[in-house]
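Below, all heavy atoms of this structure are taken into account, side chains as well, without hydrogens, waters or symmetry copies.
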Amino acid sequence: MAASTPPLAPNARGVRNVVFVEGVRTPFGKAGDKGIYAGTRADDLVVNTIRELLRRHPELPPERVDEVAIAATTQIGDQGLTIGRTAALLAGLPKSVPGFAIDRMCAGAMTAVTTTASGIGFGAYDIAIAGGVEHMGRHPMGEGVDPNPRIIADKLVDPTALVMGQTAENLHDRFPAITKERTDAYAARSQEKYAEAVKTGKIGPELVPVATRSEELGWGLATEDEPPRPGTTVEQLAKLKTPFRPHGRVTAGNAAGLNDGATASILADEDTARELGLPVAMRLVGYSFAGVEPEVMGIGPVPATEKLFKRTGLGIDDIGLFEINEAFAVQVLAFLDHFGIADDDPRVNVWGGAIACGHPLASSGVRLMTQLARQFAERPDVRYGMTTMCIGIGMGGTVIWENPAFEGAK
C-alpha cells in the first residue's frame with residue numbers, strides 16, 4: 001500500500017497579505033570629499049537604519065526576523081561581502097538570521113522589498129528587513145565593473161545607454177514637448193515642496209541620526225539631508241551648464257545629484273504583524289518590473305506601471321498618491337504626460353523628491369515607500385498609492401500599495 005502524502009502546513013503554498021510596517025533612512029549626504037559621510041563606511045550607514053528599526057519596535061523579537069535583504073549597486077569594498085548578512089551581524093541580530101545582497105541599480109531597495117515580500121506572501125518568511133545603501137563618494141557608479149565590449153560592438157545598445165545623464169538627454173529628444181523650461185519648473189517645485197515638508201515636520205521623523213567623522217572637523221552628527229537647495233528659482237536653474245551635451249537640457253539642477261545614504265524597512269505577513277502588535281502602515285497590492293531600450297531608460301516606469309495595471313485590474317484614476325523617484329525631471333514628466341497627469345498634480349511627490357533630497361541609488365526605493373506610508377496615515381480618503389522609478393540599463397519598477405487607514409468613499 002502506497003504511503004499517503006503528508007499534509008502541508010497551513011501557510012505552505014498559500015498566498016498571504018504582505019504589509020509594510022515602517023521604513024527609516026539616514027539623512028542623505030553629498031558624495032565626495034566634503035560630503036557629510038566622506039569618513040563614514042557604507043555598511044555602517046545601513047547598520048544604523050537596521051538598529052533604529054529594532055529600537056523603534058521592541059515588540060519585534062529579533063530572532064523572529066527571517067531574512068535581511070540589502071541592496072547596493074556597486075558591490076565592492078564596504079558595500080560588498082554579502083552586505084545583507086554582514087549588516088545583520090553588525091546590527092546585533094542573532095547569528096541565526098540570514099541575509100543577502102541584491103542589485104538592480106536604482107531599484108535595489110525596491111527589489112529587496114519585492115523579493116522578500118514574495119517570500120512572505122508564499123510563506124517562506126513571516127518577517128523580513130529590506131533596504132539599500134549607496135556611498136557614491138567611496139564607490140562611484142561603475143567602479144570596478146568590466147562591461148562586455150560586445151554590448152557596444154554588437155550594437156546591442158547605443159553607447160549613451162551607459163551614461164545616465166545622456167539617457168535623459170535622449171528622452172528629451174524623444175519627447176520634444178518636455179522642454180528644459182518645464183523640467184526646470186518641475187525641479188524648482190520639488191525643492192519648494194521638500195523645504196515646506198521639512199518646515200512642517202513631514203520630513204524628519206523617519207531620519208536616523210548618524211555619527212560622522214571628518215579629519216578636518218572631528219566628530220559630528222548628521223541629522224538632516226545635505227543636498228537640498230531651498231529657495232531655488234527657475235531663473236537660477238536656467239543658468240546652469242548642461243554637462244552631457246552642448247546646449248542640452250539636463251543640468252545638475254533638474255536631476256538628482258551624487259549622494260550617500262541608506263534605508264531599511266520591516267515587512268511582515270499581516271497576521272504575524274497583528275500577533276506581535278506591529279503597526280500596519282501599508283498593504284502590498286502588487287509589483288511589476290519591465291525592460292525598455294537602455295538608451296531611454298527614464299521611460300521605464302511607464303511600461304512597468306501599465307503591466308501592473310493589467311495584473312491588478314486598477315487604473316491610473318485609482319491611484320491617490322504617487323511617489324516617483326526623481327532621477328531626472330524629464331523622466332518624471334514623461335511618466336506624467338503618458339498618463340495625462342499635470343506637471344503640478346497635487347497627488348505627485350507631495351513632499352518633493354530626489355531632485356531636492358538626493359538619490360543614493362540602491363537605497364531610494366525604500367525612501368519612496370516610507371514617505372508614501374506616512375502620507376497614507378494622514379490621508380484616510382486615499383485607498384491606493386504608487387511607488388515607481390526608472391532603472392539604469394533600461395528598466396522600470398512599480399509597486400502599488402493599499403492604505404489600511406482608508407475609510408471608504410464619503
Can you tell me if [X] has over 12 outside heavy atoms packed within less than 6.0 Å of its [atom1]?
| X | atom1 | answer |
| --- | --- | --- |
| L278 | CG | yes |
| E143 | CD | yes |
| E216 | CD | no |
| D33 | CG | no |
| R229 | CZ | no |

For [X] and [Y], test the side chains for any donor-to-acceptor distance below 3.5 angstrom and give the result as yes or no.
| X | Y | answer |
| --- | --- | --- |
| D78 | H139 | yes |
| S363 | T263 | no |
| H338 | E306 | yes |
| E206 | Q371 | no |
| E326 | S190 | yes |
| D269 | Y125 | no |

Under 3.5 Å donor-acceptor, D158 side chain and E295 backbone: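 No; zero donor-acceptor contacts below 3.5 Å.
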Say whether, by atom type as modelled, one donor and one acceptor occur between the side chain of D260 and the main chain of G29 under 3.5 angstrom. no
If you look at every heavy atom in [X] and [Y], which pair is closest and at what distance?
| X | Y | answer |
| --- | --- | --- |
| R347 | I319 | NH1-O, 3.2 Å |
| T183 | H172 | CG2-CE1, 3.5 Å |
| R182 | D343 | NH2-OD1, 2.8 Å |
| G99 | T82 | O-CG2, 3.8 Å |
| N325 | Q331 | O-NE2, 2.7 Å |
| R41 | H135 | C-CD2, 4.3 Å |

Can we say [X] and [Y] salt-bridge, meaning some charged N sits less than 4.0 Å from an Asp/Glu carboxylate O?
| X | Y | value |
| --- | --- | --- |
| R16 | E270 | no |
| D173 | R249 | yes |
| R189 | E192 | no |
| K239 | E235 | no |
| D344 | K193 | no |
| D225 | R367 | no |

Not counting sequence neighbours, list each pair that qualifies as a ring-ring contact (aromatic ring centres under 6.0 Å, His included) and has a residue in residues 15-58.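 For residues 15-58, and leaving out neighbouring residues, the ring-ring contact (aromatic ring centres under 6.0 Å, His included) pairs sorted by first residue read F20-W401.
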So K202 and E378, salt bridge (Lys or Arg N to Asp or Glu O under 4.0 Å) or not? Walk me through it. CA-CA 10 Å; K202 306 296 186 185; E378 298 181 354; 3.0 Å; yes
Checking side chain to side chain contact (heavy atoms under 4.5 Å, CB included) for the pair F335/F322: CA distance, chi angles, key distance, verdict? CA-CA 11 Å; F335 179 90; F322 295 84; 4.2 Å; yes
Evaluation steps, side chain to side chain contact (heavy atoms under 4.5 Å, CB included), between T388 and E323: CA-CA 7 Å; T388 188; E323 279 294 320; over 6 Å; no
Passing candidate, side chain to side chain contact (heavy atoms under 4.5 Å, CB included) with L276, options D126, V21, L60: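 Only one option passes, and that is L60.
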Do R104 and F289 form a cation-pi contact, if we require the NZ or CZ to be under 6.0 Å from the six-membered ring centre and within 45 degrees of the ring's axis?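 R104 over F289 ring: yes.
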Quick check: do T212 and W219 have side-chain heavy atoms less than 4.5 Å from each other?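 The answer is no, as the side chains (C-beta and beyond) never meet within the 4.5 Å cut-off.
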